Amino acid sequence: MARATISAQFRTAASKLTADLKHRGWISKSLRGYETSRRGNQAKYGDWNSAREAAGSIKYEAVNHLDRYLEEFARNFEANGGKIFWASTGEEARDYVVKLARDRGVRSVIKSKSMTAEEIHLNPALEEAGLPVVESDLGEYIVQLRGEAPYHLVFPAMHLDRHEISTLFEEKLGSAPTDDPERLTMIAREVMRDKYLTADMGITGANFAVAETGMISITENEGNARLTAALPKIHVALMGIEKIIPRLEDLALFLPMLATAGAGQPMTCYNSLYTGPRKAGEVDGPEEFHLVILDNKRTQLLADAEQRDALHCIRCGACLNVCPIFRNVGGHSYGTTYQGPIGSVITPHLRGLQNWKHLSAASSLCGACTETCPVKIDIHHHLLHNRRNAAQGKQTWYEKIGFRLFAWAARSPGLFRFGGRFAGLALKLRPRGPLDPLQAWTSTRGFPTPAPRSFNAYWRSRKGGP
Ligand code: SF4
């Protein structure tokens with residue numbers, strides 16, 4: 001898609017949702033309960049900030065020695081009987097899964113939540129190959145029925161209330177209307193139960209990959225990922241290279257931390273570790289276990305020492321929850337797999353800086369994301385780094401002239417003072433309404449009134465002269 005189109009689509013979608021007060025009210029309401037329970041559970045840590053420091057250091061160690069830890073993980077994973085496919089691109093990852101399904105005569109696929117699968121657009125590729133896929137996570141299933149992408153990293157259907165979900169089930173599944181969330185869950189569960197039993201392939205994501213043991217860890221609240229991984233005869237898991245953690249004991253910190261930061265829970269309901277396919281004498285589990293480890297430009301981000309820590313992300317979604325931009329424009333406006341502040345940092349790396357630089361500009365730089373991130377990623381400064389990198393050597397002719405004029409005036413105190421007075425006067429006297437040259441700004445927000453006296457004038461009066 002052309003650059004102008006991508007940013008124009010973002011602007012259009014963002015303006016529309018920002019003006020939708022019902023939507024904004026619903027998102028704020030949905031996040032209120034999260035905020036309270038998150039605060040309560042954070043308080044249970046002796047020192048939440050020290051826990052963040054520790055988590056950040058573990059991820060630093062893993063990401064800065066990724067070559068070693070990935071090798072160690074792969075050795076152990078394969079020793080347990082699993083098969084690894086290293087995918088450089090999304091296309092390679094998709095092709096591997098589709099070919100595997102075809103070679104094994106797979107007829108249907110059940111899938112639990114995986115942002116990596118979203119990133120590589122796996123579902124459309126499987127469906128194009130004639131393989132129906134059903135999402136087993138309730139939120140994912142709802143957005144799948146609506147033909148939408150997930151709205152949020154953790155809460156894919158958070159933009160919908162129970163009435164909308166009831167109407168959707170009525171239309172797509174022929175169920176009776178109901179306001180009862182439990183009944184709605186049961187309706188979806190009835191559909192899925194049959195899919196678990198008939199699917200030949202189960203696809204999952206992976207929250208962490210433990211180098212020391214070659215295990216992947218999956219965290220969930222519904223128990224659907226367990227069934228997805230255990231019932232079909234083939235289990236395929238997908239993850240980015242950054243999911244590695246060095247030791248099994250590191251999970252003792254990351255599992256509760258992911259639950260608290262992501263969903264305000266002390267611990268997620270189901271935390272499972274997968275070591276490999278079913279072994280001789282075991283009564284359940286898949287016959288084959290494949291793990292697709294995806295690069296897809298992550299190694300380029302790894303090579304960027306300034307922004308490498310963006311790979312520490314554990315996809316908890318906390319930075320989205322506190323971000324005033326996300327809360328106004330909503331998850332779909334971003335047009336990417338990874339929404340919110342961390343999405344605005346990494347998408348330009350994964351999909352091209354010039355095409356996606358507008359996301360880094362769509363930030364108030366308030367720093368709430370950095371403050372909340374459990375692994376202490378310097379998110380809002382990375383937005384500034386992206387802005388700087390996008391602007392370097394890319395100024396328009398009028399920006400170039402403007403900066404030169406400013407540099408020339410700034411070197412002469414007299415000219416600078418004159419420029420300041422002139423700009424203040426021009427701001428006061430400018431036409432208002434549609435002829436206002438600042439209309440792009442003033443149509444949706446107030447413009448600050450210039451101070452009655454410049455800093456220069458104040459300084460002179462204070463010091464009794466220049
Ligand atoms: S950047 Fe931090 S807060 Fe945001 S999703 Fe990743 S780990 Fe969570």
Side-chain angles (χ1 to χ4, degrees), residues 31 34-35 37-39 41-42 45 48-49 51-63 113-116 118-119 139 150-156 158 205-209 217 219 239-245 250-251 253-265 268 298 301-302 304 306-327 329 331 334 336-350 359-360 362-386:
L31 288 171
Y34 155 82
E35 280 157 9
S37 53
R38 178 184 163 150
R39 263 196 302 276
N41 281 307
Q42 259 177 225
Y45 286 69
W48 174 251
N49 259 329
R52 293 173 70 215
E53 291 280 356
S57 326
I58 295 169
K59 285 301 284 188
Y60 178 90
E61 185 194 343
V63 165
K113 190 164 171 22
S114 160
M115 293 311 286
T116 313
E118 289 294 328
E119 178 185 331
Y151 182 93
H152 183 284
L153 293 180
V154 177
F155 312 120
M158 76 180 289
N207 294 96
F208 302 100
S217 159
T219 284
M239 64 172 221
I241 53 171
E242 77 285 6
K243 291 293 173 83
I244 291 282
I245 53 168
D250 297 331
L251 288 177
L253 175 61
F254 281 112
L255 293 182
M257 188 164 234
L258 177 60
T260 301
Q265 292 174 286
T268 316
R298 284 162 173 80
L301 181 53
L302 186 67
D304 181 342
E306 189 177 47
Q307 297 198 57
R308 183 180 299 153
D309 72 341
L311 291 171
H312 296 187
C313 177
I314 56 171
R315 308 274 187 263
C316 70
C319 57
L320 281 65
N321 300 344
V322 297
C323 175
I325 306 302
F326 175 86
R327 293 169 76 124
V329 308
Y334 290 84
T336 66
T337 308
Y338 303 105
Q339 319 85 356
I342 190 63
S344 301
V345 170
I346 62 173
T347 304
H349 288 273
L350 303 182
L359 295 183
S360 304
S363 167
S364 63
L365 298 176
C366 64
C369 47
T370 304
E371 208 172 290
T372 203
C373 176
V375 286
K376 297 200 97 168
I377 300 173
D378 193 2
I379 305 171
H380 71 293
H381 281 110
H382 291 329
L383 295 173
L384 282 173
H385 297 145
N386 279 349

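Fair warning: this is a prediction, and the values are worked out from it, not measured in the lab. Counting starts at 1 for both ligands and their atoms, in listed order.
Classified by interplanar angle (parallel below 30°, tilted 30° to 60°, perpendicular above 60°), the ring pair F254/F208 is tilted. Ring geometry for Y45 versus W48: interplanar angle over 60°, hence perpendicular rather than tilted (30 to 60°).
Protein contacts to atom 8 (Fe) of ligand 1 involving N, O or S atoms at a distance below 2.8 Å are C316 SG.
N321 has its side chain out of reach of R38: every pair of non-hydrogen atoms, C-beta onward, lies at least 4.5 Å apart.
In the model, E119 has a side-chain atom that pairs as donor or acceptor with a side-chain atom of Y338 under 3.5 Å.
Residue I379 approaches ligand 1 through these ligand atoms, each under 4.0 Å from one of its heavy atoms: 1 (S).
Geometric assessment of R308 against the ring of Y60 yields a negative cation-pi assignment under the 6.0 Å and 45° thresholds.
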Show your reasoning for whether side chain to side chain contact (heavy atoms under 4.5 Å, CB included) applies to T268 and L258. CA-CA 8 Å; T268 316; L258 177 60; 5.6 Å; no
